[in-house]
Amino acid sequence: MIKNIKEEFPIFKNKINGKDLVYLDSANSSQKPQSVIDAVSFFYSNEFANVGRGIYTLAVNASDKYEKTRSNLKKFIGASSDCEIIFTKNATESLNLVASCFGEKFIEKNDEIILTETEHHANYVPWDFLRKRKGAIIKFLPIDEDGNLKVDELEKLISNKTKIISITHMSNVTGAITPLEKIIEIAKKNNIPVCVDGTQGAAHLDIDIKKMNCDFYAFSGHKMYGPTGVGLLAIKYKWLEAFDPFMGGGGMIDYVTKKNIAYARGVWKMEAGTMPTAEVVALNESINFINKIGKKNIIEHEKKLTQIALEKLRSNNSVRIIAKPKNQGGVFSFNINNIHSHDVSTILDQEGIAVRGGHHCCQVLHEVLKINSSVRVSFGVYNNESDIDALCDGIKKCQKIFKK
Amino acid sequence: MIKNIKEEFPIFKNKINGKDLVYLDSANSSQKPQSVIDAVSFFYSNEFANVGRGIYTLAVNASDKYEKTRSNLKKFIGASSDCEIIFTKNATESLNLVASCFGEKFIEKNDEIILTETEHHANYVPWDFLRKRKGAIIKFLPIDEDGNLKVDELEKLISNKTKIISITHMSNVTGAITPLEKIIEIAKKNNIPVCVDGTQGAAHLDIDIKKMNCDFYAFSGHKMYGPTGVGLLAIKYKWLEAFDPFMGGGGMIDYVTKKNIAYARGVWKMEAGTMPTAEVVALNESINFINKIGKKNIIEHEKKLTQIALEKLRSNNSVRIIAKPKNQGGVFSFNINNIHSHDVSTILDQEGIAVRGGHHCCQVLHEVLKINSSVRVSFGVYNNESDIDALCDGIKKCQKIFKK
Amino acid sequence: MNIKELYKNIILDHGTSPRNRFRLQNFNHETIGSNPLCGDKVHIFFNVIDDLIDQISFVGEGCAICIASSSVMTEVLQNKSKKEVVAISKYFINVIINKNHTFPNFLEQDNKTKLDSFMSIGEFPTRIKCATLPWIAIESELEKKSK
Amino acid sequence: MNIKELYKNIILDHGTSPRNRFRLQNFNHETIGSNPLCGDKVHIFFNVIDDLIDQISFVGEGCAICIASSSVMTEVLQNKSKKEVVAISKYFINVIINKNHTFPNFLEQDNKTKLDSFMSIGEFPTRIKCATLPWIAIESELEKKSK
Ligand SMILES: Cc1ncc(COP(=O)(O)O)c(C=O)c1O
Ligand SMILES: Cc1ncc(COP(=O)(O)O)c(C=O)c1O
């Protein structure tokens with residue numbers, strides 16, 4: 001099934017600098033299958049209306065489709081009935097919503113927030129706002145030299161001031177998969193809510209929110225073969241009840257007078273203004289696409305590619321893989337001796353290979369690993385072994401150009 | 001030119017309840033021309049990459065297109081060089097950004113914010129947050145019985161505690177166009193910054209931000225024939241410099257360490273995380289679409305339709321138009337004696353006519369006008385006189401059904 | 001579905017000339033049902049004596065369907081026990097959503113006819129809430145008190 | 001555009017074996033240029049005596065182009081006046097962005113050659129900043145001091 005999947009992605013029909021596109025940047029954003037692209041067009045061409053407001057036929061149908069994506073997403077992540085899904089604009093907004101709404105109500109001066117050294121800026125900067133605004137303290141769960149979280153040190157970090165733990169599901173740099181069960185077990189024992197940054201998990205890892213038992217799970221549509229402009233937040237209902245709204249506007253109110261404003265209940269409270277309607281509707285096709293292939297097959301496919309790539313790259317003495325996590329998804333990063341990641345990226349681009357150089361929005365991690373930047377390779381369903389061969393050839397080309 | 005414009009909108013090829021679609025809800029959201037729909041598909045099919053991060057060809061081209069929309073938007077609204085445009089998810093986020101960032105830095109207890117009685121909830125609820133959080137005071141510039149703002153009373157409302165004035169460019173219920181020049185002149189005389197909710201203005205009124213001299217202008221892509229999922233905020237650069245970021249995440253930082261975080265400058269500071277890339281790129285086609293027809297022609301067309309519709313409706317003794325503004329755009333609202341707006345909307349829907357009943361996210365205005373709800377009619381470029389005839393026939397049908 | 005089906009005589013009659021639309025002088029229960037989306041809002045008053053609804057009335061604003069539903073409700077629930085109220089409410093909601101007709105055997109034929117006239121609302125999904133609004137309000141009031 | 005054009009000998013040479021990469025002992029000016037997007041960062045030190053740059057050096061991390069540009073800059077600006085620095089900087093940026101070759105007449109031929117070797121960077125829009133980073137930093141430092 002995965003074998004011919006590339007054909008479903010029209011972008012691969014194009015040439016990049018005269019070469020076939022070798023797209024190795026899915027951790028940044030994934031390419032879109034035809035079915036998702038068509039869903040956007042179809043909606044605009046035949047069914048478009050704003051949702052939640054009008055009671056005419058177009059508006060009713062649009063609202064139904066919008067809600068259908070929500071219920072399919074719940075199934076997709078295995079949410080139980082005490083869990084809701086809020087639509088946002090991206091995972092970043094989802095994480096800002098959690099930090100801001102949780103912080104506003106439950107974080108006081110000197111309260112502690114636990115993150116990890118592997119967090120993406122999206123799961124650090126919003127908490128830093130609370131450090132600046134409220135005088136909260138941020139502690140970082142460290143990693144070992146292989147890039148594995150030192151979960152054993154978590155209990156030591158926890159104090160009676162610890163108010164929340166927020167961690168990534170998978171590192172977008174090293175591909176290290178977080179041992180969530182262990183971490184959440186410890187957190188729950190200490191009665192601490194857990195927010196999971198699932199941005200890298202959603203399309204690439206097994207998700208069972210109910211079993212995972214986290215309080216929040218944030219992710220993005222555009223990294224799961226879906227449209228840009230839509231993010232998601234799975235949230236336990238009790239938090240939805242406890243939180244004040246993140247933004248104010250149409251659709252999130254119960255009533256409004258000059259003196260006072262009462263908020264709507266449930267997910268509505270958090271969905272102010274016109275939502276990314278077409279994006280949410282089309283996102284349903286991304287879920288269908290992933291389900292059609294099967295998460296299990298995707299995981300297997302991407303793990304296999306990663307192992308093959310790592311093996312090949314390790315046989316090149318000038319290549320240093322920056323981490324060696326125990327449990328790894330379809331992402332890894334490397335450097336070539338004496339060649340900066342951006343030079344690598346530029347040279348590979350000439351071969352049609354799209355990889356990202358830099359710190360990948362993880363400056364803390366790079367600081368800890370004592371490197372300035374790295375080249376990241378990340379896989380999606382459409383990648384195959386010939387992409388890895390192209391990468392290896394490209395790396396040799398970099399070395400050749402830099403050999404004086 | 002406007003005559004055949006309907007053909008550019010594929011949605012009108014569909015039947016609604018067996019009838020031709022008569023779409024009279026453009027103030028809610030506009031339908032999309034083929035060129036905008038195609039721009040989304042084309043981008044996903046041939047050019048998709050995340051912007052601002054990668055340095056490979058796809059990413060560079062995507063970033064260029066993204067920035068091209070920004071510069072075209074600046075031209076579109078007549079922004080001078082001291083004015084920037086930030087991309088958000090909708091006008092609601094733009095207004096929340098202003099209220100939150102301005103409020104955080106410049107609003108203290110008992111400081112005053114001036115709004116008007118005609119504001120959409122999107123330009124009231126975010127300010128109410130400051131009332132709740134900071135103890136600010138909100139004053140409402142009143143309207144007269146015809147729905148015109150009593151601009152003469154503005155100076156009386158202003159005190160040395162007045163920190164900001166936030167007003168709509170056009171009422172989304174009565175169609176009253178705000179005399180912005182007068183208001184902003186008074187505000188500037190008193191050194192008070194002005195935020196304009198331009199959501200109804202963008203596609204329907206003349207905009208010359210430089211002449212207008214407002215500090216903020218918020219609007220939405222989806223109401224200007226563009227995609228959902230993208231909002232805009234024009235902001236004077238000095239405010240962009242003064243504000244702390246609204247959300248934190250990737251792309252808005254200068255550097256990040258475990259101890260501290262420094263923010264990027266300019267628009268980047270406000271664009272955290274993966275932006276609605278495809279939406280911004282496609283929005284460029286909406287601007288082209290509007291420019292192609294010409295704002296002047298659009299304004300004339302919509303004003304004419306409004307006058308024709310008002311005349312026809314006024315000849316029906318059971319119809320009450322809820323306001324009679326001096327200067328009116330392509331929007332008005334009405335009620336039929338003894339028939340609730342939702343019943344009207346449902347009955348019209350059976351005739352293929354899409355109108356919205358309710359309070360249109362303007363509960364304060366409805367309270368002031370002493371009505372519970374109203375039926376709103378709003379025009380776009382694709383409407384014509386036969387739509388008005390259909391509306392008149394539909395209203396008669398309502399009356400017939402409700403005649404016992 | 002013809003639109004005239006929706007605005008049947010009973011609904012139109014009760015919607016435009018509602019019965020029992022006033023505030024009771026004496027009541028020991030009151031409850032408010034509202035739909036922020038459309039602005040419908042009904043305030044229901046009722047007086048329970050020996051577990052029977054002795055008097056019931058409502059005031060409020062809303063569309064014909066919401067007003068008709070409230071008006072019909074005040075007629076149908078007269079002299080019903082709390083248990084019967086819940087059963088009738090369930091029946092009414094079932095009629096609309098599932099077109100399910102197995103009706104409580106204590107329900108009088110003329111009351112059943114009134115309730116059944118709301119059936120076609122099931123075809124207009126956005127209007128279902130208008131009809132069920134007063135019923136859900138009274139159900140939740142009774143559930144609250146019985147806790 | 002062949003990639004080898006970009007990584008010409010001069011750039012590669014200076015990019016991998018940069019000159020003057022150390023911290024000056026004595027300096028009366030310093031400035032930092034950084035690109036948060038890619039993490040390039042150079043710290044420039046220079047000592048001005050009688051309006052002439054007496055010594056200039058840099059430290060920092062970055063791609064070959066950024067390092068090469070910094071290295072070449074420290075060579076070219078030696079013994080230049082503040083005014084000349086600004087003129088050379090404008091020339092360099094023009095070479096890359098506009099391929100404009102009218103060069104300041106005080107500029108030595110070998111220095112011109114070094115600067116011109118960066119010309120093909122104009123074809124790689126995302127890399128322009130890498131090359132201009134140290135120049136913009138020194139320009140803004142000089143502008144600041146002259147205000
Ligand atoms: C006057 C006005 N302001 C603000 C908004 C909010 O716009 P959006 O829903 O796109 O955020 C609207 C539309 O709903 C509006 O009509
Ligand atoms: C681990 C992780 N968290 C958060 C984000 C932010 O996602 P987005 O840019 O879609 O908001 C990303 C992607 O950039 C990521 O990789």
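To find a chain, count down the sequence lines: A is the first, B the second, and so on, and within it residues start at 1. Every value quoted in this text rests on a predicted model; they were computed, and no experiment measured them.
- Using a 4.5 Å heavy-atom cutoff, the side chains of B/I261 and A/H121 are not in contact.
- Neither the backbone nor the side chain of A/T199 has a heavy atom closer than 4.5 Å to any heavy atom of chain B.
- The shortest distance between side-chain heavy atoms of A/L115 and B/K258 does not fall below 4.5 Å.
- Considering only heavy atoms from C-beta on, A/D244 stays 4.5 Å or farther from B/R133 through its side chain.
- Using a 4.5 Å heavy-atom cutoff, the side chains of B/K259 and A/D128 are not in contact.
- With sequence neighbours excluded, no residue forms a ring pair (Phe, Tyr, Trp, His ring centres under 6.0 Å) with B/Y255.
- Contacts with chain A were tallied for B/Q34, B/H366, B/K132; B/K132 has the most, counting heavy-atom pairs under 4.5 Å.
- When heavy atoms are compared at a cutoff of 4.5 Å, A/K13 does not approach chain B at all.
- Between chain B and the residues A/L58, A/N123, A/I138, A/V230, the most heavy-atom pairs under 4.5 angstrom are made by A/L58.
- Remark: B/F87 pairs with B/Y66 by the ring pair (Phe, Tyr, Trp, His ring centres under 6.0 Å) rule, at least two apart or across chains.
- Taking CE of A/M275 as the reference point, atom OG1 of B/T92 lies at 10.0 Å (rounded to 0.5 Å).
- To the nearest 0.5 Å, atom OH of residue B/Y23 and atom CZ of residue A/F48 are 6.0 Å apart.
- Counting heavy atoms from C-beta on, the side chains of B/I253 and A/Q363 come closer than 4.5 Å.
- Chain B forms the most heavy-atom pairs under 4.5 Å with one residue out of A/G352, A/P227, A/G358, A/G248, and that residue is A/G248.
- Going from atom CG of A/N50 over to atom OG of B/S220 covers 9.5 Å, rounded to the nearest 0.5 Å.
- Of the possible donor and acceptor atoms, one in the side chain of B/T228 sits under 3.5 Å from a partner among the backbone N and O of A/A278.
- Screening B/L21, B/D349, B/L348 for a side chain to side chain contact (heavy atoms under 4.5 Å, CB included) involving A/Y56 leaves a single residue, B/D349.
- Counting heavy atoms from C-beta outward, A/K89 and B/E279 have side chains that stay 4.5 Å or more apart.
- Atom CD of A/E93 and atom CZ of B/F246 lie 8.0 Å apart (nearest 0.5 Å).
- Ranked by heavy-atom pairs shorter than 4.5 Å toward chain B, the options A/A91, A/G229, A/A99 are led by A/G229.
- Between chain B and the options A/V364, A/T57, A/V36, A/T257, heavy-atom pairs under 4.5 Å are most frequent for A/T57.
- The closest donor-acceptor contact from the side chain of B/Y44 to the backbone of A/D38 lies at 3.5 Å or more, if one exists at all.
- Here the CD1 atom belonging to A/I11 is positioned 8.0 Å from the CD atom belonging to B/E47, to the nearest 0.5 angstrom.
- Ranked by heavy-atom pairs shorter than 4.5 Å toward chain B, the options A/P276, A/S100, A/S45 are led by A/S45.
- Interatomic distance, B/T277 OG1 to A/H222 NE2, rounded to the nearest 0.5 Å: 7.5 Å.
- Of the two parts of B/P33, neither the backbone nor the side chain holds a non-hydrogen atom closer than 4.5 Å to a non-hydrogen atom of chain A.
- Looking only at side-chain heavy atoms (C-beta outward), A/N90 and B/M247 stay at 4.5 Å or farther from each other.
- Heavy atoms closer than 4.5 Å to chain B are found in the side chain of A/F140, but not in its backbone.
- Ranked by non-hydrogen atom pairs under 4.5 Å with chain B, the options A/V368, A/N14, A/V355 are led by A/N14.
- A/V40 touches chain B through its side chain: at least one heavy atom from C-beta onward sits under 4.5 Å away, while N, CA, C and O do not.
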